[in-house]
A.B. asks: 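There's a structure below that I have some questions on.
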Amino acid sequence: MVFLFTKGIRYLVFIYILYSAANFYLGWKAYRFSPKEFRSIATKAQGASSNGADATRKFFGDLSKAYKGSIVPSPKWAPVNAGGLNVQMQLLHNSLTEYVAVIVAPYKTTGRSGAHWSNSTCTVMAGEVSRAQDRLAQPISKETFKTGGNFRHGQWESFTYDFAPETYIVCYGRGIIPVSSIWTTMGTLGTGDFVNFAHQVAFFGEAFFNNIITAGMATFNHYKAQFSKTEL
């Protein structure tokens with residue numbers, strides 16, 4: 001019994017060390033996207049278009065120009081059912097530590113966000129988003145974000161979200177992104193919808209491998225240029 005207890009303690013210490021090392025790495029590493037520039041591009045796209053679909057298309061075009069090669073050329077929509085939320089999601093960028101996504105709620109939907117190992121900033125392109133803390137306090141704190149509004153979802157925070165019909169939002173996040181993918185994929189798998197689960201895995205995987213190829217080409221070109229200079 002004592003052996004099992006000490007073994008459990010060792011595992012907990014090991015997990016804590018891994019968690020601390022991962023958070024240290026997240027705070028130390030350089031990131032591809034700038035949250036400030038992301039919000040600026042989203043706000044300009046929203047202000048230049050009359051509806052959510054047009055605004056997100058312009059956002060996609062402007063972001064692709066600003067971060068050439070880091071955005072999926074032809075992103076696909078995947079249905080997501082997670083925490084009670086029924087939305088459509090389009091991943092424009094997906095890596096181990098960063099993501100960019102467009103989320104659309106065709107109809108009114110309410111559900112829990114789940115807790116994520118990431119910090120996200122989101123802009124409402126059209127419609128309305130309301131949220132309340134999962135851990136209710138008295139009085140109940142509720143926030144509402146309308147078209148053009150920005151909100152932040154912090155690491156390990158959990159909210160109940162309510163999306164008005166035809167709501168479009170764009171989000172950028174930093175963290176351990178594969179942990180968040182568990183929430184999106186397992187929620188859909190839990191409904192028994194194996195076809196849409198396969199679509200999610202395929203579309204999200206495509207965005208991930210697009211990033212790997214882009215990063216690999218950038219590294220290759222960098223060292224190729226350095227080698228050319230050395231030869232001269």
Side-chain angles (χ1 to χ4, degrees), residues 26 29-80 82 87-106 116-127 129 147-153 167-181 183-185 196 198-222 224-225:
L26 291 174
K29 79 178 295 290
Y31 291 93
R32 179 73 181 91
F33 295 85
S34 160
K36 184 177 179 180
E37 186 174 15
F38 173 87
R39 287 191 295 268
S40 176
I41 292 173
T43 301
K44 289 178 181 177
Q46 182 274 319
S49 303
S50 58
N51 60 63
D54 289 341
T56 51
R57 277 193 290 268
K58 178 168 175 51
F59 168 77
F60 169 73
D62 293 346
L63 197 70
S64 297
K65 292 177 183 176
Y67 295 96
K68 189 174 182 180
S70 296
I71 303 299
V72 177
S74 301
K76 300 177 180 65
W77 291 100
V80 172
V87 296
Q88 297 280 332
M89 182 181 291
Q90 192 180 58
L91 269 182
L92 307 185
H93 177 87
N94 184 26
S95 68
L96 291 176
T97 57
E98 291 179 281
Y99 81 90
V100 178
V102 179
I103 300 172
V104 179
H116 300 270
W117 195 349
S118 60
N119 293 298
S120 299
T121 179
C122 301
T123 299
V124 182
M125 306 299 282
V129 177
T147 302
N150 296 285
F151 62 92
R152 181 180 182 276
H153 188 107
T167 291
Y168 290 71
I169 69 171
V170 294
C171 296
Y172 164 66
R174 295 175 175 177
I176 306 297
I177 305 306
V179 173
S180 295
S181 68
W183 178 76
T184 55
T185 54
N196 283 332
H199 285 164
Q200 283 184 15
V201 172
F203 298 162
F204 296 171
E206 179 184 351
F208 181 76
F209 284 110
N210 176 79
N211 175 69
I212 290 178
I213 292 171
T214 301
M217 289 300 296
T219 302
F220 173 77
N221 290 331
H222 170 75
K224 182 180 178 181

A.B. asks: Distance from I176 atom CD1 to T97 atom OG1, nearest 0.5 Å?
C.D. replies: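 These two atoms lie 7.5 Å from each other.
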A.B. asks: Is it the case that more than 12 heavy atoms not belonging to K29 sit under 6.0 Å from its NZ atom?
C.D. replies: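 Check passes, neighbour count above 12.
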A.B. asks: Check whether any side-chain heavy atom of L92 sits under 4.5 Å from a side-chain heavy atom of V72, and report yes or no.
C.D. replies: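 A side-chain contact is absent here, since even the closest heavy-atom pair is not under 4.5 Å.
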A.B. asks: Where is the tightest heavy-atom contact between F59 and A42, given as atom of each residue plus distance?
C.D. replies: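 The answer is CD1-CA, 3.7 Å.
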A.B. asks: Is there a side-chain contact between P75 and L91 in this structure, where contact means two heavy atoms from C-beta onward sitting under 4.5 Å apart?
C.D. replies: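 A side-chain contact is absent here, since even the closest heavy-atom pair is not under 4.5 Å.
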A.B. asks: For a quick test of reading the model, state the closest non-hydrogen atom pair linking W77 to V104 and the distance between them.
C.D. replies: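 Scanning both residues, the minimum pair turns out to be CH2-CG2, 3.5 Å.
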A.B. asks: Between the main-chain N or O of G127 and the side-chain N or O of T147, is there a donor-acceptor pair closer than 3.5 Å?
C.D. replies: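 Here the side-chain-to-backbone pair exists.
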A.B. asks: Could you check whether the rings of Y172 and F33 sit parallel, tilted or perpendicular, using 30° and 60° as the cut-offs?
C.D. replies: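 Tilted, since the angle between the ring planes falls between 30° and 60°.
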A.B. asks: Output the distance between atom CZ (F151) and atom OG1 (T123), rounded to the nearest 0.5 Å.
C.D. replies: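 Result: 8.5 Å between the selected atoms.
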A.B. asks: Side chain to side chain donor-acceptor pair (under 3.5 Å) with E37: which residues, sequence neighbours excluded?
C.D. replies: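 With neighbours one apart ignored, the set is Y67.
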A.B. asks: H93 and S70: side-chain donor and acceptor closer than 3.5 Å?
C.D. replies: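 No donor-acceptor contact under 3.5 Å links the two side chains.
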A.B. asks: Ignoring hydrogens, what is the shortest heavy-atom contact between W117 and S180? Give both atom names and the distance.
C.D. replies: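 Where W117 meets S180 most closely, the heavy atoms are N-OG, 4.4 Å.
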A.B. asks: Heavy atoms only: give me the nearest A55-A45 pair and the separation to one decimal.
C.D. replies: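 So the two residues come closest at O-CB, 3.6 Å.
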A.B. asks: Excluding sequence neighbours, so at least two apart, what forms side-chain contact (heavy atoms from CB on, under 4.5 Å) with K36?
C.D. replies: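 K36 satisfies side-chain contact (heavy atoms from CB on, under 4.5 Å) with S34, R39 once adjacent residues are dropped.
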